[in-house]
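Everything below concerns the one structure shown next.
If you're wondering where the values come from, they're calculated on a predicted model, not measured in any experiment. Reckoned from all heavy atoms, side chains included, excluding hydrogens, waters and symmetry mates.
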Amino acid sequence: MALEHAILVSLLEKPGSGYELARRFERSIGYFWTATHQQIYRVLKRMEADGRLDVREVPQQGRPDKKEYSVSTHGLAALGEWLHEPIQPESVRHELAVKIRGAAFDDPRALIGEVERHQRMHRDQLDHYLAGERRDFGGSDTRTTGGGTPDAGRELQHAVLRGGIAYERMMIAWLDDVLATLRRIGPGR
């Protein structure tokens with residue numbers, strides 16, 4: 001996936017300025033696709049130039065006008081093409097897994113602190129996802145709008161968040177298993 005696709009999805013969900021888009025990447029989209037502010041602004045400029053985005057100037061009180069981006073007809077068509085293209089499942093590149101295997105040639109228990117650190121990070125991320133789920137989906141039915149009609153965007157946002165929650169829970173369980181293994185075995189070599 002290219003950053004362009006993540007930007008198109010975000011702007012279809014809600015038009016906004018480059019700054020607002022960067023904040024969304026920090027808050028929600030960034031859980032699954034990260035980008036720096038500089039990358040976002042560079043791609044916005046390119047997408048505006050090739051006609052995938054519409055831009056309007058929004059006057060601001062006491063500050064320079066801001067550009068508000070929305071997806072053009074050309075951008076919507078480009079996203080549609082991408083949505084219909086097959087993609088390959090992602091392969092996992094996990095440096096910690098290689099370290100764990102390599103620990104057989106040293107003292108495996110020396111990795112306990114590092115694995116515990118990773119586990120804390122995954123617990124923190126899980127807590128963050130769960131707080132976001134309570135905030136964004138907690139008290140409401142994500143399957144319908146106020147009129148009782150399905151809200152596909154909201155339902156799919158929640159499905160992606162549930163995937164992140166499941167991933168973090170899986171990582172925590174795996175790291176529990178790794179820690180038990182590291183504590184059970186003696187020094188390698």
Side-chain angles (χ1 to χ4, degrees), residues 1-14 16 19-43 82-83 85-143 151-189:
M1 174 177 77
L3 176 56
E4 288 86 351
H5 300 117
I7 287 173
L8 287 170
V9 169
S10 182
L11 291 174
L12 281 166
E13 291 174 346
K14 183 177 181 182
Y19 175 78
E20 292 162 344
L21 187 61
R23 298 283 295 153
R24 280 186 234 159
F25 268 78
E26 291 170 1
R27 183 171 174 234
S28 62
I29 293 172
Y31 299 153
F32 307 101
W33 190 266
T34 59
T36 65
H37 288 234
Q38 293 85 359
Q39 289 172 314
I40 291 169
Y41 282 104
R42 190 170 43 250
V43 171
W82 175 73
L83 287 172
E85 291 175 3
I87 58 173
Q88 294 299 316
E90 295 180 18
S91 60
V92 177
R93 283 183 58 183
H94 204 291
E95 188 174 358
L96 182 61
V98 176
K99 278 190 169 203
I100 292 165
R101 287 188 59 170
F105 304 100
D106 195 64
D107 178 5
R109 291 175 296 183
L111 272 182
I112 289 174
E114 179 67 359
V115 173
E116 289 173 335
R117 185 178 73 83
H118 279 257
Q119 191 173 54
R120 282 190 303 276
M121 292 176 0
H122 285 284
R123 286 183 199 273
D124 290 347
Q125 189 65 54
L126 175 61
D127 289 345
H128 190 72
Y129 286 168
L130 292 171
E133 183 180 42
R134 283 189 301 275
R135 179 193 67 228
D136 296 339
F137 303 102
S140 64
D141 185 347
T142 63
R143 293 170 295 204
D151 183 345
R154 189 159 164 74
E155 196 169 336
L156 293 172
Q157 287 172 357
H158 196 188
V160 169
L161 179 58
R162 288 191 310 267
I165 290 168
Y167 173 78
E168 295 304 332
R169 286 180 172 152
M170 180 275 305
M171 287 299 298
I172 292 165
W174 175 63
L175 292 169
D176 281 341
D177 180 53
V178 169
L179 284 170
T181 303
L182 290 172
R183 289 179 175 127
R184 186 180 69 246
I185 60 178
R189 291 190 193 164

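- Using a distance-only test at 3.5 Å, with no hydrogens or angles considered, a donor-acceptor pair links the side chain of Thr181 to the main chain of Asp177.
- The NE2 atom of His128 sits 12.5 Å away from the CD atom of Glu133 when rounded to the nearest 0.5 Å.
- The local environment of CD in Glu85 is crowded, with over 12 non-hydrogen atoms from other residues, nucleotides or ligands closer than 6.0 Å.
- The side-chain heavy atoms of Leu161 and Asp136, taken from C-beta on, include no pair separated by under 4.5 Å.
- Between Asp176 and Arg169, none of the side-chain N atoms (NZ, or NE/NH1/NH2) sits under 4.0 Å from a carboxylate O, so this pair counts as no salt bridge.
- To the nearest 0.5 Å, atoms CZ (Arg162) and CG (Leu156) are separated by 9.0 Å.
- Across all non-hydrogen atoms, the minimal contact from Asp106 to Pro108 is O-CD, 3.2 Å.
- Listed by chain and number, the residues in a side-chain contact (heavy atoms from CB on, under 4.5 Å) with Asp127 amount to none (sequence neighbours excluded).
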Side chain to side chain contact (heavy atoms under 4.5 Å, CB included), that's the test. Do Val178 and Leu96 meet it? Break it down for me.
CA-CA 11 Å; Val178 169; Leu96 182 61; over 6 Å; no
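- Within the 4.5 Å cutoff, side-chain heavy atoms of Leu130 are placed close to those of Leu126.
- Checked against side chain to side chain donor-acceptor pair (under 3.5 Å), Arg42 has no partners two or more places apart in sequence or in another chain.
- Atom CZ of Arg23 has 12 or fewer neighbouring heavy atoms from other residues, nucleotides or ligands inside a 6.0 Å radius.
- In this structure, Leu11 and Gly16 approach most closely via the heavy-atom pair CD2-N, 3.7 Å.
- Within 6.0 Å of CG in Leu83 there are more than 12 heavy atoms belonging to other residues, nucleotides or ligands.
- Residues forming a side-chain contact (heavy atoms from CB on, under 4.5 Å) with Ala97 (at least two apart in sequence, or on another chain): His94, Trp174.
- Of all heavy-atom pairs spanning Ser10 and Leu21, the tightest one is OG-CD1, 3.2 Å.
- We find the CD-CE distance between Glu168 and Met170 to be 8.5 Å, quoted to the nearest 0.5 Å.
- You'll find the side chain of Leu111 stays beyond 4.5 Å of the side chain of His118, heavy atoms only.
- For the atom pair NZ (Lys99) and CZ (Arg101), the distance works out to 16.0 Å, reported to the nearest 0.5 Å.
- In this view, Arg183 and Glu116 satisfy the side chain to side chain donor-acceptor pair (under 3.5 Å) rule, not counting sequence neighbours.
- Across every non-hydrogen atom of Ile40 and Ala22, the tightest pair is CD1-CA, 3.7 Å.
- A search for side-chain contact (heavy atoms from CB on, under 4.5 Å) contacts involving Gln157 returns Glu13, Phe137, not counting sequence neighbours.
- In this structure Glu20 satisfies the side-chain contact (heavy atoms from CB on, under 4.5 Å) test together with Ser17, Arg24, Lys66, sequence neighbours excluded.
- Taking both residues in full, the closest heavy atoms of Tyr19 and Tyr41 are given as N-OH, 2.8 Å, listed atom of the first, atom of the second, then distance.
- In this structure, CD on Glu114 lies 10.5 Å from CG on Leu175, to the nearest 0.5 angstrom.
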